[in-house]
Amino acid sequence: MSDPEARSYPLGPPDRLELDAGYAWLREHEPLARIAMPYGEPAWLVTRYEDVRTVLGDSRFGRAAAATRDPPRMYPEPVPGGITDLDPPEHTRMRRLIGTAFTARRVELLRPRAEGIADELLDRMVCEGPPADLVEAYAVPLPAVIICELLGVPYEDRPTFQTWADAYMTTTAIPLEEKTARLGELGAYFAGLVARRRETPSDDLISALTQARDERDGLSEEELIGFLMTLLAAGYETTAGQIANFAYALVSDPAQLLLVRGGKADVAGAVEELLRHVPVMATGSTFIPRYATEDVELSGGTVRAGEPVFAAFYAANRDPRVYADPERLDLTRPPRPHLAFGHGAHFCAGAALARMELQVALHALLRRLPGLRAAVADEELVWKSGMVVRGPVALPVTWELSM
């Protein structure tokens with residue numbers, strides 16, 4: 001059912017790391033805005049910090065209703081989202097399976113390995129000399145190696161499964177038929193890995209999840225395969241995008257870069273501010289709507305039971321009610337909770353892993369490559385289009401080692 005009052009959404013194509021100015025306008029003047037995506041029913045969009053937290057974290061909003069509705073979406077047909085389509089207790093059951101793999105303690109045990117990978121990649125870059133494409137040489141392989149080792153996926157298969165993972169993360173860059181075909185190939189690939197782990201278990205997440213599915217949790221084979229697909233694609237695509245985006249943000253703002261290099265901003269704090277400020281999603285919100293299970297009052301009006309709502313978490317991350325001078329990147333900003341990893345039951349399961357990888361990547365990059373800067377003019381960079389994750393397709397950089 002169309003709604004003549006609804007705004008066309010997304011608001012506009014992504015522009016580098018800029019957040020569309022329409023989000024700030026809506027946040028101040030229309031915090032509960034009626035929107036329409038290319039397909040599906042109209043929805044609401046919330047842009048204020050407290051409203052976004054409510055939609056993401058309040059049990060009066062859920063995902064299960066989407067299965068019986070015409071959900072707002074980018075494609076003519078709904079694309080299954082796996083674990084993101086579930087509400088507790090089914091969602092809780094699946095999250096429990098990976099809970100032990102992504103705890104802060106277990107992730108910290110991976111930090112030395114991540115540091116070693118970062119140094120190996122930078123050794124290769126230094127040996128080959130500048131300029132180098134930071135995306136292909138560093139941003140992509142660092143999280144890819146880690147997620148492959150964690151899951152138990154052969155890294156040498158990366159050229160193949162990266163094509164499949166790109167299909168998982170596309171919005172309009174790939175036709176729906178091709179996207180569906182590639183996802184089918186990725187599912188078949190994981191089905192083969194699961195079968196092999198049943199015969200010969202290993203010390204990896206595929207083996208652990210397969211054992212849990214077979215012995216304890218009653219996880220269906222389809223759920224298991226979908227879960228692994230999500231972990232692989234989301235487990236490195238978003239982090240790889242943010243490593244490149246963070247590097248671009250810093251070389252584009254030398255004053256902020258000097259704060260970290262000079263020790264006036266610590267790397268962990270810098271990563272949190274970059275997470276707050278830099279939008280990795282192509283839009284300022286997730287493409288996953290939450291449905292109200294009862295009438296809920298939010299800023300600007302009432303969401304009625306059964307209506308879908310999108311949470312613009314990057315607009316929330318720049319809410320002046322929460323952050324002083326929020327449009328400015330400030331690596332010395334006092335820590336405040338942000339929503340880059342979401343909130344509530346669907347809070348990113350891999351947040352601790354992503355944080356660690358981003359800290360390692362940034363620290364090693366600035367330590368090993370003094371004088372890091374862009375090797376081409378900004379207008380020469382080509383940015384991703386039609387993808388869930390934004391970022392440069394390539395990021396040529398140069399550096400001096402004798403500073």
Salt-bridged, Arg198 to Glu221, with N to O below 4.0 Å?
yes
Would you say the side-chain atoms of Arg355 pair up with the backbone N or O of Gly350, donor to acceptor, closer than 3.5 Å?
no
So, are Arg321 and Glu50 salt-bridged, with charged N and O less than 4.0 Å apart?
no
Are any side-chain N or O atoms of Glu273 and backbone N or O atoms of Asp330, one a donor and one an acceptor, separated by less than 3.5 Å?
yes
Should Arg290 and Asp58 count as an ion pair when the cut-off is N to O under 4.0 Å?
no
Report yes if the side chains of Leu56 and Thr54 come closer than 4.5 Å at any heavy-atom pair, otherwise no.
no
Closest non-hydrogen contact found for Val322 with Arg336 is O-NH1, 3.0 Å
With distance as the sole test, does Ser207 use its side chain to make a donor-acceptor pair with the main-chain N or O of Pro201 at under 3.5 Å?
no
Strictly by salt bridge (Lys or Arg N to Asp or Glu O under 4.0 Å), give each pair with a member in residues 239-260 just once, sequence neighbours left out.
none
Distance flag, aromatic centroids of Tyr9 and Trp44, threshold under 6.0 Å
no
CA sep, side-chain torsions, deciding dist, call: Leu150, Leu353, side-chain contact (heavy atoms from CB on, under 4.5 Å)
CA-CA 11 Å; Leu150 188 62; Leu353 179 64; 4.1 Å; yes
Spell out, as yes or no, whether a donor-acceptor pair under 3.5 Å connects the side chain of Asp295 to the backbone of Ala305.
yes
Checking His343 side chain against Val52 main chain: does a donor-acceptor pair fall under 3.5 Å?
no
Between Phe246 and Leu275, the two heavy atoms sitting closest are CZ-N, 3.7 Å
Are the side chain of Arg60 and the backbone of Val296 linked by a donor-acceptor contact shorter than 3.5 Å?
no
Quick one, Arg73 with Asp70, criterion side-chain contact (heavy atoms from CB on, under 4.5 Å). Give me CA distance, side-chain angles, the key distance, then yes/no.
CA-CA 9 Å; Arg73 59 194 182 275; Asp70 184 23; 2.7 Å; yes
Just so I know, are the side chains of Pro130 and Met125 near enough to count as touching, which here means a heavy-atom distance under 4.5 Å?
no
Electrostatic pair Asp325:Arg333 at N-O distance under 4.0 angstrom
no
Could you tell me if the side chain of Glu149 sits less than 4.5 Å from the side chain of Val145, heavy atoms only?
yes
Is there a donor-acceptor pair under 3.5 Å between the side chain of Asn317 and the backbone N or O of Leu339?
yes
Working to the nearest 0.5 Å, report the span between CZ of Arg196 and CD of Glu199.
11.0 Å
Quick check against the 3.5 Å criterion: does Arg7 have a side-chain atom that pairs as donor or acceptor with the backbone of Ile35?
no
Which residues pass the ring-ring contact (aromatic ring centres under 6.0 Å, His included) test with Tyr291, sequence neighbours left out?
none
Sub-3.5 Å donor-acceptor pair from the side chain of Arg111 to the main-chain atoms of Val360, do we have one?
no
So, Arg197 side chain and Gly152 main chain: donor-acceptor pair closer than 3.5 Å or not?
yes
Checking Asp133 against Tyr138: is there a side-chain donor and acceptor pair closer than 3.5 Å?
no
side-chain contact (heavy atoms from CB on, under 4.5 Å) between Leu250 and Leu365, worked out
CA-CA 11 Å; Leu250 291 177; Leu365 192 64; over 6 Å; no
Check this for me: does any side-chain nitrogen of one of Arg390 and Asp15 sit under 4.0 Å from a carboxylate oxygen of the other?
no
With sequence neighbours excluded, what pairs up with Glu222 under the side-chain contact (heavy atoms from CB on, under 4.5 Å) test?
Ser220
Are Glu272 and Arg276 ion-paired here, with the side-chain N under 4.0 Å from a carboxylate O?
no
Is Glu307 salt-bridged to Arg304, cutoff N-O under 4.0 Å?
no
Taking all non-hydrogen atoms of both residues, which atom of Pro279 and which atom of Arg318 are closest, and how far apart?
CD-NH2, 4.0 Å
Return the minimal non-hydrogen interatomic distance between Leu274 and Ala249, and the atom names on each side.
CD2-CB, 4.2 Å
Does a sphere of radius 6.0 Å around CG in Asp203 hold more than 12 heavy atoms from other residues, nucleotides or ligands, not counting ones at 6.0 Å or beyond?
no
